[in-house]
Amino acid sequence: MENLFIVFDPSYLSYVWPKIKNGVHLNLGHYCWEDVSVFLKDLAEGRAWAYKERVLKNLYELQNRLGKDDSYKSQNNETFGEFYNGDYLNTLMRREKFGGNVAEWSSMVQRDELMRKMVRSDNDAAVSLAYTALQVDLNITKITLLKSYKVTLGLCLPRSCVPQDVLSIINFSIMLNDNLKTNKTVSRTIKITSLRHVESFYDIRTDFGAVSLLMVTLTLIVIAFIATIIDFELIKFKPYVKTSSFDIEQYNDNQNRNGHHNNHFSKQTHRIDETLAANLNEIKKAMREKGVPPSVTLDVMTQARKEGITSCRRCGKYKKQCPNLTKQNVEPCATVKYNSSASLTTEYKMENTVCKNLLLSFSFKHSWARIFNTNIANKNLALVHAMKITAVLWIVLVHVAAVVWYNADNSMDINDDSTMFYVLCSGTLAFDLLFFVSGVFSSQHFFYLKSRYSAQELVSMGGVCGEMLQLICFITNRAVRLLPPYLFTIFLTSVLARVARDTAVLSTPERDYDTCDSYWWRNILYLNNLYPQQEQCMQVSWYLSSESQLHGAMSLACLLVALYRRRTAALLVLVVVLTAVTVDVTRAISDLGQRVSSSFSLYSLMVSRPWGGVPSYCLGALVGWLLHVTEGRCAVNRTTSLCLWSSSALCVVSSLLVSGRGPRWTAAAHLAWPVGLVWPMLAGATTYSDVTRGLVSSPVVAGVSRLCYTTLVCHGAVCRALLLSAGTALCSDLSCLFCYFAGCALVSLCASLCLSLLVEMPSCCLLRRISDYTYR
């Protein structure tokens with residue numbers, strides 16, 4: 001049985017090697033042949049360095065891979081010959097002459113200088129070595145198994161051996177073992193699937209993409225620090241005072257004709273400027289006291305304030321939620337108070353120049369305030385924020401499980417029922433939950449804008465052309481807003497994938513080091529889901545592409561509803577849903593009974609299904625429209641409410657149960673899962689809004705909700721880098737899985753915070769300020 005799993009046997013190879021010739025029995029490069037001969041000769045003679053570096057048979061021995069680039073160190077000591085020819089060495093080596101007293105012999109050896117030199121010499125590599133990691137598919141029976149054993153073989157061979165030489169040596173060793181050593185008694189097939197030279201470090205100087213990304217990152221950090229210093233007013237600039245051309249001409253004329261009046265005119269102009277500044281400050285102060293927001297800011301409480309309701313914390317967006325509240329018994333609304341963190345994006349500081357205001361978009365102070373700002377426009381959607389956080393953390397868990405299970409040595413068959421199998425299968429529900437949440441936000445935001453602003457106010461154009469232009473702006477605005485962190489993460493993922501490829505012993509089937517460089521343009525056009533899985537960059541790119549496409553389609557449906565073309569909109573949504581369900585069911589039938597070979601294959605089979613998220617997104621958009629129509633109040637009797645809660649619980653529980661039954665039930669879960677979320681979402685935003693609103697009152701929860709997007713796009717690269725660096729410490733036990741998940745989730749949140757502070761928030765604020773200046 002032991003011979004069945006031997007792929008490379010250097011001991012037997014060292015015995016046969018003197019009897020073979022290069023170019024006859026195998027074909028190696030000249031330098032590789034010479035170095036391998038030295039290696040096998042020292043192995044046969046019992047040299048310590050050869051035994052230490054001979055072969056790493058399993059994953060538990062891979063920790064010794066570093067520091068294998070040791071060149072031969074010549075010994076220029078005059079007494080070096082005594083190590084092999086002198087009687088003194090023979091006396092030291094034969095510990096039996098000490099009467100079996102091993103402790104006395106070891107103590108003497110440690111005290112002896114010549115013995116220490118000999119030990120160091122015996123452990124120094126005679127040739128320069130390189131570490132190589134091979135992936136091998138092993139079948140141990142004549143009849144091919146449904147699942148091959150995937151063996152990761154790590155071995156140290158001379159650096160002069162190129163990959164083709166390594167393959168020749170491995171295949172020659174397999175042939176010797178199968179035909180000579182075991183006398184053809186071993187029935188097996190072996191296929192080498194990949195071979196990589198593993199270095200101890202990654203040379204970033206040879207990677208143009210990594211250098212470019214590093215330079216961009218450093219530039220953003222420098223700009224952000226400068227903006228932060230200015231924002232904290234550690235560096236003060238002279239205020240800019242706008243003066244009309246008439247005042248300048250009058251001043252120059254008076255200066256030319258009445259030189260002795262220059263000083264008087266200057267003082268008078270200064271007094272006028274001070275008066276204007278004082279009046280401006282008084283106006284701002286009055287606006288703050290009255291709770292009047294900046295004119296550009298989208299205020300959700302205008303209608304409520306007209307009705308005498310001024311507390312959005314209690315009333316939410318719609319006045320019907322708290323009709324008994326009046327001016328006298330409520331406190332002012334937090335979102336309409338003068339708040340620098342809420343108004344930095346939209347309020348103009350007249351004393352600042354345009355360049356300074358644009359520079360302040362990169363301020364860490366401003367970005368931090370925006371991330372952890374609790375003045376959310378509609379706190380009634382607090383349950384949706386909680387769902388979004390849950391979905392993103394759930395997706396992180398699924399991806400961690402996929403990487404761990406693929407590389408863990410003690411994992412069972414991927415097709416067996418196990419905890420890891422159920423975790424992976426539940427990934428489809430995690431993405432469906434995120435589709436549902438995205439649909440709610442998109443629809444609610446669209447109808448909110450349509451209820452407050454006309455197309456003429458938003459795009460300066462009315463009629464059908466104005467409505468279509470508003471639709472285009474609504475779709476492209478979201479794509480452009482999400483693009484900067486997405487693009488940054490694409491190139492970061494590519495760099496980290498190249499680092500893992502060259503330095504990590506373990507690996508994953510993903511080829512982001514190649515696909516992200518070749519097909520990055522598909523990501524920024526949100527077309528990645530239309531191409532095969534093998535050509536996709538980033539694990540979640542299929543979701544981002546599908547969600548962006550659904551956002552465009554559902555925005556068109558929402559516009560038709562707003563224009564009272566509800567039948568046309570319903571027909572459009574129905575066609576999209578039926579097409580998606582048909583494709584999803586067809587794929588589920590084709591996958592019936594199919595067995596997969598790895599966790600990533602199972603992920604592609606069950607989780608990565610773009611059409612499966614269409615029902616969830618459409619039902620989420622329906623919920624957003626219902627919240628707009630009901631204006632925040634949903635009145636149902638107790639019996640109806642009980643029936644709705646029971647139906648929702650049944651749909652949710654059944655979806656969780658059938659998701660672990662394999663691909664055949666995936667299509668049913670895609671339909672039942674979002675149906676079970678509709679009523680809890682409606683009730684949480686209306687009847688139970690007072691209870692759920694407290695969820696986003698915490699800066700931590702509000703901040704994590706805003707970091708969900710950046711966490712989603714960057715967690716794949718972060719988790720892969722962390723888990724692959726763990727190497728042979730990976731295990732697939734449930735306790736290990738949750739430990740890995742906790743660590744990866746925490747590091748991903750920290751990385752997303754950095755990404756949001758450097759890229760996402762500054763880019764959003766910069767685009768908003770440029771747009772506001774243009775509008776002005």
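Being a predicted model, the structure only gives us computed values, none of them experimental.
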If only atom types and distance count, is the side chain of [X] paired as donor or acceptor with the main-chain N or O of [Y] below 3.5 Å?
| X | Y | answer |
| --- | --- | --- |
| Asn523 | Ile490 | no |
| Ser616 | Phe435 | no |
| Ser705 | Val701 | no |
| Lys388 | Val437 | no |
| Thr687 | Ala683 | no |
| Ser443 | Trp625 | yes |
| Arg706 | Ile371 | yes |
| Thr711 | Ser752 | no |
| Arg196 | Ala504 | yes |
| Ser442 | Gly439 | no |

Take Met554 and Val573 through the test side chain to side chain contact (heavy atoms under 4.5 Å, CB included) and record every step on the way to the result. CA-CA 8 Å; Met554 289 303 105; Val573 174; 4.1 Å; yes
Nearest 0.5 angstrom please: [X] [atom1] to [Y] [atom2], how far?
| X | Y | atom1 | atom2 | result |
| --- | --- | --- | --- | --- |
| Leu755 | Leu707 | CG | CG | 9.5 Å |
| His385 | Leu383 | NE2 | CG | 10.0 Å |
| Ile395 | Leu434 | CD1 | CG | 5.0 Å |
| Ser548 | Arg478 | OG | CZ | 4.5 Å |
| Ile524 | Ser545 | CD1 | OG | 11.0 Å |
| Cys744 | Arg720 | SG | CZ | 12.0 Å |

I'd like to check [X] versus [Y] (side-chain heavy atoms, cut-off strictly below 4.5 Å). Are they in contact?
| X | Y | value |
| --- | --- | --- |
| Ser641 | Trp679 | yes |
| Leu723 | Val400 | yes |
| Asn528 | Met538 | no |
| Asn407 | Leu724 | yes |
| Phe447 | Leu627 | no |
| Arg498 | Asp517 | yes |
| Cys719 | His399 | no |
| Trp405 | Leu737 | no |

Distance-minimising heavy-atom pair for [X] and [Y]:
| X | Y | answer |
| --- | --- | --- |
| Leu487 | Phe491 | O-CD1, 3.1 Å |
| Tyr531 | Glu535 | CD2-OE1, 4.1 Å |
| Leu429 | Ala669 | CD2-CB, 4.0 Å |
| Val577 | Cys618 | CG2-SG, 3.6 Å |
| Ala382 | Arg693 | CB-CA, 4.0 Å |
| Gln536 | Asp512 | O-OD1, 3.9 Å |

Applying side chain to side chain contact (heavy atoms under 4.5 Å, CB included), run through Leu482 and Tyr526 and close with a yes or a no. CA-CA 11 Å; Leu482 299 180; Tyr526 299 101; 4.1 Å; yes
Can Leu722 and Tyr740 be said to form a side chain to side chain contact (heavy atoms under 4.5 Å, CB included), step by step? CA-CA 9 Å; Leu722 290 176; Tyr740 298 145; over 6 Å; no
Which is it for Val505 and Tyr131 under the side chain to side chain contact (heavy atoms under 4.5 Å, CB included) test, yes or no, and what are the steps along the way? CA-CA 9 Å; Val505 177; Tyr131 184 80; 3.7 Å; yes
Under 3.5 Å, is there a donor-acceptor pair between the Thr515 and Arg511 side chains? no
Ignoring hydrogens and geometry beyond distance, is a side-chain donor-acceptor pair present between Trp394 and Ser426 at under 3.5 Å? yes
Take atom CH2 of Trp542 as the centre, draw a 6.0 Å sphere, and report whether it contains more than 12 heavy atoms from other residues, nucleotides or ligands.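 Counting other residues, nucleotides and ligands, CH2 of Trp542 exceeds 12 neighbours.
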How are the rings of Phe431 and Tyr543 set to each other: parallel, tilted or perpendicular (split at 30° and 60°)? tilted
Ring centres under 6.0 Å, that's the criterion: do His445 and Phe474 meet it? yes
Measuring centre to centre across the rings, with the benzene-like ring taken for any Trp, is Tyr709 within less than 6.0 Å of Tyr486? no
